[in-house]
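First the structure, in the form of structure tokens, and then the observations on it.
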Amino acid sequence: MEIITTTSEMRRLRAALPGSVAFVPTMGFLHEGHLALMREGLRRCDHLVVSIFVNPTQFGPGEDIEKYPRDPEGDAQKCRELGCDFLFTPTVDQIYSPDHSTVISVKGLGNTLCGSSRPGHFDGVTTVVTKFFSILSPDVAVFGQKDYQQLAIVRRMVRDLNLPVEIADIPTVREHDGLAMSSRNRYLDDEQRAQATVISRALLTAHRAYQGESLRKPSALIERARAIIEADSEGRIDYLQLVDPHTMFPVVQAPGEEDGALLATAVFFDGTRLIDNIRLDQPLPKALLGARSVACQS
Ligand code: PAF
């Protein structure tokens, strides 16, 4: 595996690659969730390029860019072991000129959930992802369902701009007790880490109500989930919403058979903001089946 730090070199090497190329964009501090994205890339394509870039334009003022966890050697080792061809780790000035003035913005889908809590965040994501697509011309790019809104926005952008890349996705990878894997989990102290399982338990409870009791009233489903988070943790809910997975807009009436229903949440544990989601209208994901038995034992 080669580590590439300049845009010109990355372009040159990519152009020389025979066969298909999968791309996994990351901000580093790689965990099993990232490795699953990479495995999916390798399953689909002949070559894999991974980027590590803590993208300044997707962080708002006062957010955690300065303390965002980093582990360049550990990350390189993981990519190497997994069979990645190139690890692209550009510096900020390789990606953004000092007077850069072009922003890619997808309207509508980013107005709710993380988009309203973190103004400008998705413009930063779509701008940097477009830049990477331009540098790497991947055949396939792989994203995780944990960032469901991000995935929907990137898909819309690719469609609207006729970009020649297929967007693939994989289910959220979880710890054994259900907590969605995230680089930010490492900010949690032991007590917060134990409490953070309320998030997946809350989603599971709403899923059980939707599938098992046929509960459809959005406010009632949200209340079931909220009650778990509020009773069993000191987490502060940033948002907890039932949205249409195609538009990301809140569902106000009981969803019909052919409508989707995505329950999405962001919860703060002190300064650490964790996100998670579940499709209530779909079967329970495998990773949550395991968590359900852990929750029952405790
Ligand atoms: O999901 C992330 O880690 C980031 O938003 C991404 C896609 C790497 C863009 O910076």
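Both counts, for ligands and for their atoms, begin at 1 and track the order of listing.
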(message) If you measure every N or O of Gln58 against every N or O of ligand 1, does any of those distances drop under 3.5 Å?
(response)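 In this structure, Gln58 places an N or O atom under 3.5 Å from an N or O of ligand 1.
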(request) Identify, for atom 5 (O) of ligand 1, the protein heavy atom at the shortest distance, and state residue, atom and that distance. (result)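 Going atom by atom, the protein heavy atom closest to atom 5 (O) of ligand 1 ends up being Gln150 OE1, 2.7 Å.
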(request) Around atom 3 (O) of ligand 1, find the nearest protein heavy atom and jot down its residue, atom name and distance. (result)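 Looking at atom 3 (O) of ligand 1, the protein heavy atom closest to it is Met27 CG, 3.7 Å.
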(message) Under a 4.0 Å threshold between the charged nitrogen and the carboxylate oxygen, would Glu223 count as salt-bridged to Arg226?
(response)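 Salt bridge flag = yes for Glu223 with Arg226.
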(request) Could you tell me whether Asp276 and Arg174 have a side-chain N and a carboxylate O separated by less than 4.0 Å? (result)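 Salt bridge present between Asp276 and Arg174.
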(message) Quick check on contacts: which atoms of ligand 1 are under 4.0 angstrom from a heavy atom of Val128?
(response)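 Every atom of ligand 1 under 4.0 Å from some heavy atom of Val128: 9 (C), 10 (O).
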(message) Using a 4.0 Å cut-off to any heavy atom of Pro25, which atoms of ligand 1 qualify?
(response)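 Those of ligand 1 that fall under 4.0 Å from Pro25 are 8 (C).
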(request) Hey, can you tell me if Phe132 and Phe23 have their rings parallel, tilted or perpendicular (30° and 60° cut-offs)? (result)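 Tilted: the ring planes of Phe132 and Phe23 meet at 30° to 60°.
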(request) Take the angle between the ring planes of Phe53 and Tyr96 and call it parallel below 30°, perpendicular above 60°, tilted in between. (result)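 Judged by the thresholds at 30° and 60°, the geometry between Phe53 and Tyr96 is tilted.
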(message) Membership question, hydrophobic clusters at under 4.5 Å side-chain separation (ILVMFWY): are Leu13 and Ile95 in the same one?
(response)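 Yes; tracing contacts between hydrophobic side chains, which count when under 4.5 Å, links both residues.
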